[in-house]
Amino acid sequence: ATVIAILNQKGGSGKTTIASNLAHALSLDKHKVLVVDSDPQGSLRDWNEANDAEILPVVGLDRETLPKDLKAVSGGYDFVIIDGAPQIAKMSAAAVKAADLVIIPVQPSPYDIWACADLVDIVTARQEVTDGKPPTYFLISRVIKNTKLSSEIKTALAEYELPVLKAATTQRVAYPTTASEGLTVFKDPNSEAAKEISAIKTEILEVLG
Ligand code: ADP
Ligand code: MG
């Protein structure tokens with residue numbers, strides 16, 4: 001399985017939202033997708049239980065043995081999406097180790113960008129010993145509609161020397177409202193939210209090659 005870890009130690013950056021929606025987008029393309037909740041708070045497990053239909057298989061793996069634990073459950077899946085844990089640096093390091101691709105959702109605010117410094121250190125330390133793996137991209141999350149990313153935001157991000165995905169998520173009520181039902185924005189496949197998640201999925205498949 002191709003393992004995609006959605007990481008940021010800052011809560012509210014959109015990890016769980018992107019993990020569930022991206023996973024659902026991939027599964028709607030007929031890929032077999034497993035979602036791993038590495039957050040001891042269990043947000044994704046709560047999300048999954050909010051709907052009897054259980055649109056995706058979710059497993060909780062919130063210990064530092066994640067890379068090994070994952071091998072035991074990922075057989076037969078095309079993709080594993082790891083929803084990252086807040087704060088716990090050792091969990092992030094474990095997820096980076098397990099990942100083929102790391103996505104760092106970050107809100108377009110300088111404070112949020114600066115708060116990624118520790119995670120970027122974890123990623124670049126790993127990349128140094130593994131010939132640049134895993135490839136890691138920022139994903140701008142919760143953009144306010146009709147605003148352009150300021151040059152300050154671009155400059156703050158550029159300091160990390162990690163690439164930024166072109167696709168982004170916009171601040172939209174469809175995300176919390178569908179999540180509260182244990183669903184995703186694909187509840188309305190023609191919505192703007194579904195379109196932006198599809199664009200993220202397409203770009204991620206491109207960078208995976
Ligand atoms: P994290 O997992 O990084 O803590 P969440 O995905 O749980 O972040 O998002 C935090 C809160 O913000 C949740 O209530 C979620 O529904 C909401 N949220 C996330 N992304 C968006 C978005 N693009 N538009 C509107 N609300 C969002
Ligand atoms: Mg979360």
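No hydrogens, no waters, no symmetry mates; every other heavy atom, side chains included, goes into these values.
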Non-hydrogen side-chain atoms of Asn8 and Cys116 separated by less than 4.5 Å: yes
Pairwise side-chain contact, Gln171 with Val143, heavy-atom cut-off 4.5 Å (strictly under): no
With hydrophobic residues grouped by side-chain heavy-atom distances under 4.5 Å, do Ile113 and Ile18 end up in a single group? no
Would a 4.5 Å heavy-atom cut-off, applied to side chains only, mark Val33 and Ile81 as touching? yes
Is the closest side-chain donor-acceptor distance between Glu192 and Thr170 under 3.5 Å? no
In this structure, would Leu157 and Ile122 fall into the same cluster of hydrophobic residues linked by side-chain contacts under 4.5 Å? yes
Do the non-hydrogen side-chain atoms of Ile104 and Tyr137 ever get within less than 4.5 Å of each other? no
Under the salt bridge (Lys or Arg N to Asp or Glu O under 4.0 Å) test, residues paired with Glu181 that sit two or more places apart: Lys187
Quick check: do Gln9 and Ser92 have side-chain heavy atoms less than 4.5 Å from each other? yes
Would a distance-only check, ignoring hydrogens and angles, find a side-chain to backbone donor-acceptor pair under 3.5 Å from Glu196 to Thr169? no
Can you tell me if CD on Gln87 sees more than 12 non-hydrogen neighbours from other groups inside 6.0 Å? no
Main-chain N/O of Ala25 paired to Ser27 side chain as donor or acceptor, under 3.5 Å: no
If we ignore hydrogens and angles and just use 3.5 Å, is the side chain of Asp100 paired with the main-chain N or O of Val3 as donor and acceptor? yes
Treating Lys10 as the side-chain partner and Gln107 as the backbone partner, does any N or O pair qualify as donor plus acceptor under 3.5 Å? no
Can you give me the closest heavy-atom contact between Leu139 and Ala167, atom names plus distance? CD1-O, 3.2 Å
Would you say Asp112's side chain and Val106's backbone share a donor-acceptor pair under 3.5 angstrom? no
Under 3.5 Å donor-acceptor, Arg63 side chain and Ser38 backbone: no
Would you check, one step at a time, whether the test salt bridge (Lys or Arg N to Asp or Glu O under 4.0 Å) holds for Lys201 with Asp29? CA-CA 10 Å; Lys201 175 208 68 185; Asp29 280 356; 2.7 Å; yes
Val80 and Ile4: CA distance, side-chain angles, deciding distance, side-chain contact (heavy atoms from CB on, under 4.5 Å) verdict: CA-CA 6 Å; Val80 174; Ile4 304 174; over 6 Å; no
Walk me through it: do Arg45 and Asp62 pass the test salt bridge (Lys or Arg N to Asp or Glu O under 4.0 Å)? CA-CA 12 Å; Arg45 283 165 274 185; Asp62 49 24; 3.2 Å; yes
Qualifying residues under ring pair (Phe, Tyr, Trp, His ring centres under 6.0 Å), relative to Phe138, sequence neighbours excluded: Tyr160
Is the shortest side-chain heavy-atom distance between Leu101 and Pro135 below 4.5 Å? yes
Sidechain-backbone polar pair: Thr65 side chain, Lys68 backbone, donor-acceptor under 3.5 Å: no
Indicate if Val35 and Val73 have the same hydrophobic cluster label, given that clusters are the connected sets of ILVMFWY residues with side-chain heavy-atom separations under 4.5 angstrom. no
Could you tell me if the side chain of Thr147 sits less than 4.5 Å from the side chain of Ile144, heavy atoms only? yes
How close do Ala5 and Ala95 get, counting heavy atoms only, and between which atoms? CB-O, 4.1 Å
Which heavy atom of Lys97 sits nearest to which heavy atom of Pro67, and what is that distance? CB-CG, 4.1 Å
For Tyr175 and Ile197, what are the C-alpha separation, side-chain angles and deciding distance, and is it a side-chain contact (heavy atoms from CB on, under 4.5 Å)? CA-CA 11 Å; Tyr175 289 104; Ile197 294 293; 3.5 Å; yes
Could you grab the distance from atom OG of Ser13 to atom CD1 of Ile140, nearest 0.5 Å is fine? 11.5 Å
Do Leu66 and Val123 sit in the same hydrophobic cluster, where Ile, Leu, Val, Met, Phe, Trp and Tyr count as joined when their side-chain heavy atoms come under 4.5 Å apart? no
Nearest-0.5 Å distance, CG of residue Asn51 to OG1 of residue Thr184: 10.0 Å
Could you give me the CA-CA distance, side-chain angles and deciding distance for Leu70 and Ile82, then say whether side-chain contact (heavy atoms from CB on, under 4.5 Å) is met? CA-CA 10 Å; Leu70 189 55; Ile82 302 176; 4.1 Å; yes
Which heavy atom of Asn21 sits nearest a heavy atom of Phe186, and at what distance? O-CE1, 3.7 Å
Closest non-hydrogen atom pair between Gly12 and Arg142, with its separation: O-NH1, 3.0 Å
Would you say the side-chain atoms of Gln127 pair up with the backbone N or O of Pro134, donor to acceptor, closer than 3.5 Å? yes
Beyond-backbone contact of Val102 with Leu119, side-chain heavy atoms, under 4.5 angstrom: no
Please find the pair of heavy atoms, one from Ala23 and one from Leu56, that lie closest to each other, and give the distance. CB-CD1, 3.6 Å
Take Ile6 and Leu22 through the side-chain contact (heavy atoms from CB on, under 4.5 Å) test and state the conclusion after the steps. CA-CA 10 Å; Ile6 317 293; Leu22 172 64; 4.2 Å; yes
Identify whether Leu162 and Leu208 are in the same connected component of the hydrophobic contact network (ILVMFWY, side-chain heavy atoms under 4.5 Å). no
List the residues meeting side chain to side chain contact (heavy atoms under 4.5 Å, CB included) with Thr16, not counting sequence neighbours, and say none if there are none. Ser43, Leu44, Asp83
Between Trp47 (side chain) and Leu183 (backbone), is there a donor-acceptor pair under 3.5 Å? yes
